[in-house]
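Everything numeric here is computed off the predicted structure, so don't read it as measured data. Every heavy atom of this structure was used, including side-chain atoms; hydrogens, water molecules and symmetry mates were not.
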Amino acid sequence: RYDLRKAAPMAEKACKGGDATSCIIEGWAMELQAQATNDGAPYREAAKAYKSLCDGRKNARACYEYGTILFNNLGVTADPVLGIRRWDQACNLGSASACTVLAKVYRQGLKTRADDDKASSYAEKACEGKDPAGCLEDAYAKGEANAIVDARINYCVSGGVDECWEMATSYLGGEQPEPRPGLARALLSAGCDLAHAPSCSNAARVALEANDDDVAAQMFRKSCQLGEVSGCSGLAEMILTERAQGDVRSEQYAFEVACSKGEMAAACSMLGLALLEDRRLEDRARARALLRQSCVDATSPARPCFVLGD
């Protein structure tokens, strides 16, 4: 698993040995430390390291990172002009990411005057460098509607989960017409694959409307595992209405969350009955509390009250 903090000591040693990539990783670790401590000093140390690599070894990534610190005022005096220059240096050294950010800066006029010609030039270079975000900027620069849609989809499936979510919700909400049938559902599925819990939940609801119960259960389950309460309650409801396979024992976590977050009285009821009746989950004191909670809820079935009476 990726862990920058653990990598930092090894990166520091390798950086001293002359490995440029390790120096970049060490800089990232310093930035992470600055964010965690709200202290600008590590940012300044990172900036110093990036500048040295950029000037001394013409390292494109170092120039890009140094430009980002300067442009965004991260622990140093803000200098957008110099930040843009460093990004331009990085772009010319082969950093597609730097070309992309410059295209966006000039298209939107961020801390500088908007310049469509410069935006288009940088965007084209970024796309040639195979950066999906750069290809999206290139499509915006050219202004072709179909090309913009295709570029947004490509950016989405390449890891741009916010783009997946924004497109899907705008189509489902009627803000924009869906360019082709099923696109919103595909975008939600792509967002779910990128571990975006709301995308999973919404993909599940779309699948339910299409009577695709197996996919809906799968999406609700993943959403629940990612910590989305609505995913847990959705899965629990599908099980209770026999639209998904499973029971309280096999999907206990979903029922626990749906009950504890006040999403479903029925989930509390079924969880209480399972705790009372299933020896593998037996916890009679908690079962009684859950059944009592369900009994006083007007939306809950009558069975918890009968069981309590017994």
Query - NZ (Lys48) with more than 12 external heavy atoms under 6.0 Å - result: no

**Report entry** Other residues, nucleotides, ligands: >12 heavy atoms within 6.0 Å of Glu237 CD
**Finding:** no

Query raised in the report: So does Glu137 pair up with Lys104, basic N to acidic O under 4.0 Å?
Result: no

Report task. Inspect the contact between Glu209 and Arg205 and indicate whether a charged nitrogen and a carboxylate oxygen are less than 4.0 angstrom apart. Result -> no

Side-chain contact test, heavy atoms from C-beta onward, threshold under 4.5 Å: evaluate it for [X] versus [Y] and give yes or no.
X: Leu183; Y: Ile153; value: yes
X: Glu166; Y: Arg152; value: yes
X: Tyr253; Y: Cys232; value: yes

Query - Lys142: side chain to side chain donor-acceptor pair (under 3.5 Å) partners, not counting sequence neighbours - result: Asp138

Query raised in the report: What pairs with Tyr106 under side chain to side chain donor-acceptor pair (under 3.5 Å), at least two apart in sequence or on another chain?
Result: none

I'd like a table of donor-acceptor pairs (distance under 3.5 Å, sequence neighbours excluded) in which one partner is a side-chain atom from residues 68-84, with atom names and distances.
residue, atom, partner, partner atom, Å
Thr68, OG1, Tyr64, O, 2.9
Thr68, OG1, Trp87, NE1, 3.2
Asn72, ND2, Thr68, O, 3.2
Asn73, OD1, Ala78, N, 3.4
Asp79, OD1, Leu82, N, 3.1

Report task. Under the side chain to side chain contact (heavy atoms under 4.5 Å, CB included) rule, collect the residues that match up with Cys200, sequence neighbours excluded. Result -> Cys192, Lys222, Ser223, Leu226

Query - Derivation of the side chain to side chain donor-acceptor pair (under 3.5 Å) call for Glu45 and Tyr50 - result: CA-CA 9 Å; Glu45 287 297 314; Tyr50 295 145; over 6 Å; no

Requested in this report: Might you point out which heavy atoms bring Asp19 and Ser22 nearest each other, and give the distance in Å?
Outcome: OD2-OG, 2.6 Å

Report task. Please collect all salt bridge (Lys or Arg N to Asp or Glu O under 4.0 Å) contacts where either partner lies in residues 176-201, sequence neighbours excluded, each pair once. Result -> Asp150-Arg180, Arg185-Asp212

Report task. Begin from the C-alpha positions of Met30 and Tyr43 and carry the test side-chain contact (heavy atoms from CB on, under 4.5 Å) through to its verdict. Result -> CA-CA 6 Å; Met30 291 176 188; Tyr43 273 129; over 6 Å; no

Query - Flag, side chain of Ser201 to backbone of Pro198, donor-acceptor distance under 3.5 Å - result: no

List the atom pairs, with distances to 0.1 Å, where a side-chain N or O of residues 112-122 and a protein N or O form a donor-acceptor pair under 3.5 Å, not counting sequence neighbours.
residue, atom, partner, partner atom, Å
Asp115, OD1, Asp117, N, 3.1
Asp115, OD1, Lys118, N, 3.0
Tyr122, OH, Asp88, OD1, 2.6

Query - Residue of the set Gln218, Gln245, Arg243 for which side chain to side chain donor-acceptor pair (under 3.5 Å) holds with Asp213 - result: Arg243

